[in-house]
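Everything on this sheet refers to the single structure shown next.
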Amino acid sequence: MSVAADPGEEAEPAAAARSSRPASWRLLANNRLAALGLVLLSLVIVVALAAPLLPIAPPDATAPAERLQRPFSEGHLLGTDHLGRDILSRLVWGTRISLAVGISASLIAAFFGSLIGLIAGYAGGRTDHLMMRGIDMLMAFPYILLALAIVAVLGPGLLNALYAIAVVNIPFFARNIRGITLGLARRDFVEAAKLSGKGPIRLVATEIFPNVLPTIVIALSTTVGWMILETAGLSFLGLGAQPPQADLGSMLGEGRKLLFTAPYVSIIPGVMIFIIVMSINLLGDGIRDVLDPRLRSGALAHPSARTQVKRRKVPEMPAGETGALDVVGLQTEFSIGRDVFRAVGGVDLRLGKEECLGLVGESGSGKSVTALSIASLVPSPPGAIVGGRVMREGRDVLEMRDGELRRLRGGEISMIFQDPLSSLHPLFTVGDQIAEAVRAHQPVSRAEAWAKAVDLLGAVQIPNPKERAKSYPHELSGGMRQRVAIAIALVNEPEVLIADEPTTALDVTVQAQVLKLLDDLRHEKHTAVLFITHDFGVVSEICERVAVMYAGRIVEMGRTEDVLDAPAHPYTRKLIDCVPLLDDPDRRLDAIEGLPPPLNRLPEGCAFAPRCPRAQPDCRAGDIPLGEVAPGRMARCLYPLVEDADAAADARVDAHAEAGQ
Ligand SMILES: Nc1ncnc2c1ncn2[C@@H]1O[C@H](COP(=O)(O)OP(=O)(O)OP(=O)(O)O)[C@@H](O)[C@H]1O
């Protein structure tokens, strides 16, 4: 469905969306441990860099008369070592050297390791095989033994220790980057760049490298501390910094002999190593969280297995007869930074037993979030259900215990999603996955579950089901995969099936087959279906009733033919006008001017008013209720289009005006 975008209006929501995401530094500052790491590390680096300017003694100046002075003695804040050298001065200069070596080693390892990973992952085949076996050989030795062997060959010294540490860490980067590159190199956007004539070097540099860069930065930030520790280890063994030069490891090694008589000589550099490594690791973890786009949304935690319910107001239980599913005043929000996006702003739906109800609306209108909220599947954080009830057989789904909710999902209520490839497990056969769904809800043996899986594959019209049950998802066509998803959804004979755009990814012929199958099965198994789509053609084929959503609210609801023949809400009219008709090729297809409002800044009154040709000043004030415009027809509009609803409209305008006074 095409919707015209007004370039002027487009710029504003885009800017709003940008500003609504917290800036990286703010996310980092929100993570207290990372902020602590940053402050500590900055302090250490500033002091180390300022070493030549500080009023401290030269680090190598010996004074035998002043040997082993305790901390806080006159002229030596941290005392002196066995040669009378000032420990504070050696600590500052030693930290400078340890940081320089650790950071340089990390950069060298990251550069060569990432290069190897990129080449091996992109080239694949024999090149990948050869390079990775070389890396495996490096990894086969304990890293410190390997570093010792390298230093033994090159000779002791700080520079050689740096090379040794860099070499032993190359495999870490190479393995990580190769894995990511391998996945990226087969993606469509890389294939498209290849077809456009880009050579391998440009392709890796412009298409793959930007995608692996965040991983390199994250790996670097978490390994620098480790490398400083390894450098200190080599110096401690006498293979790194050579006397009289001080680094933290060699200071530790020199203090070892005095551990009982003058413990401070080794404790002080030990504490400094601890501070540096801890602060780098804390900061590294924080950087990793900030660079992860899922965590950038403000969700610095893993979403829980059910949606958080923080209802400000719980509506009354609906009285009288209930349907297969009753949604009352459902409200779902996403909190991102300081912004709150009202994705579902008070939805009322009754899905009758064995009924098929279509839920239509533009992209972003809140259809999927409504469906996910019903099964408590909205990720929390950042999502939360802040109002309403979801009633199923007298029980509120939002109040269910975890065990009850698990039994409900996939049992009484099941779902089919748009892209079966992302919901099917790539490593299990489809038969296994259907059988697993059976065994999750029914006490049957493996063999019985498998037999049921094969039966179901037959029921969803997959040819040769016995053999096909042993296929993996990637071995099936898109249409077949969606049939498998339907089989999994129907395996426990649910009373409610929520199908979220199940045919959007399929071509029209397969779409028609899948729709027919779904329709036949729901009649056969007496299942109620909430069918989410943006396609009125699909709605007219299988839905008895339709609900139209706009900016998180239902704006019209009624029998499908009635709504299609004479839409009451101007938005529904506009949506229908976007659908091409085969028997009327000359009909002008009107696009809907403008864009839906940003969900964090919904306008007063009717959310469609800014785009509505019939809007009057009173449409832009107060809450406009979903009222009956004709028997069985509801619309959230003060000036509905239904002719015989004129009287009802007048009454509603009066009621609205009264409510506003
Ligand atoms: N995990 C999430 N975090 C933040 N915002 C979200 C999340 N999921 C959905 N939203 C927002 O909620 C709004 C409604 O999204 P929803 O997926 O329900 O739309 P839809 O009507 O199903 O659209 P489509 O037809 O494109 O699937 C959108 O503005 C979307 O950006």
Side-chain angles (χ1 to χ4, degrees), residues 1-3 5 10 12-14 16-22 27 292-308 327 330-347 349 357-386 388 390 415-420 422-423 498-506 530-539 546-556 571-572 575 578-579 592 595-603 607-608:
M1 184 170 300
S2 63
V3 175
E10 199 173 32
E12 203 202 340
R18 263 200 310 279
S19 68
S20 66
R21 296 298 197 263
L27 272 178
D292 188 325
R294 286 160 302 179
L295 300 171
R296 278 183 70 87
S297 69
L300 284 169
H302 294 290
S304 53
R306 62 182 299 164
T307 309
Q308 224 179 349
V327 178
L330 181 69
Q331 295 180 331
T332 305
E333 293 178 352
F334 293 97
S335 300
I336 296 172
R338 275 175 295 176
D339 278 313
V340 176
F341 293 83
R342 301 199 161 82
V344 179
V347 162
L349 282 177
L357 172 67
L359 188 59
V360 289
E362 270 169 292
S363 186
S365 55
K367 308 180 296 291
S368 300
V369 176
T370 303
L372 292 173
S373 304
I374 290 173
S376 203
L377 283 173
V378 175
S380 287
I385 294 174
V386 296
V390 177
M415 300 189 77
I416 309 173
F417 296 100
Q418 184 176 337
D419 177 13
S422 61
S423 46
I498 300 173
D500 190 354
E501 309 206 31
T503 54
T504 308
L506 308 175
L530 179 63
F531 196 98
I532 296 171
T533 178
H534 52 259
D535 188 343
F536 267 111
V538 171
V539 170
V546 60
V548 182
M549 248 185 125
Y550 185 76
R553 305 190 87 178
I554 303 287
V555 293
E556 175 158 10
Y571 175 62
T572 317
L575 272 186
C578 295
V579 183
I592 308 179
L595 288 172
L599 295 175
N600 56 337
R601 282 180 289 131
L602 287 170
F608 188 61

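When a ligand or atom number is given, it counts from 1 through the structure's own listing order. In this text, all values refer to a predicted model and were calculated from it rather than measured experimentally.
Interface of Glu362 with ligand 1, defined as ligand atoms under 4.0 Å from a residue heavy atom, comprises 21 (O). Near Pro382, meaning under 4.0 Å from any of its heavy atoms, are these atoms of ligand 1: 3 (N). Ligand 1 places these atoms under 4.0 Å from at least one heavy atom of Glu501: 24 (P), 25 (O), 27 (O). Shown in contact with Val369 at under 4.0 Å from a heavy atom are these atoms of ligand 1, numbered in order with element: 9 (C), 12 (O), 14 (C), 15 (O), 16 (P), 18 (O). Remark: ligand 1 atoms within the under-4.0 Å shell around heavy atoms of Pro379 are 1 (N).
In this structure, the side chains of Thr370 and Thr332 stay at 4.5 Å or more apart for every pair of heavy atoms. Taking 4.5 Å as the limit, some side-chain heavy atom of Met549 sits within range of a side-chain heavy atom of Leu359.
Here the closest heavy-atom approach between residue Val378 and residue Val369 is recorded as CG2-O, 3.9 Å. Ala551 and Leu602 get closest at one heavy-atom pair: CB-CD2, 4.0 Å.
The closest approach between any non-hydrogen atom of Gly383 and ligand 1 is not below 4.0 Å.
Listed by chain and number, the residues in a side chain to side chain donor-acceptor pair (under 3.5 Å) with Ser365 amount to none (sequence neighbours excluded). Looking at residues two or more places apart in sequence or on another chain, you find no side chain to side chain donor-acceptor pair (under 3.5 Å) involving Thr533.
A donor-acceptor contact shorter than 3.5 Å is absent between the side chain of Ser373 and the backbone of Ser376.
If you look at Leu599 next to ligand 1, the close heavy atoms, those under 4.0 Å, all belong to the side chain.
Counting only non-hydrogen atoms, the option in Ala343, Gly364, Ala371, Ser363 that gets closest to atom 19 (O) of ligand 1 is Gly364.
At least one N or O atom of Ser368 sits closer than 3.5 Å to an N or O atom of ligand 1.
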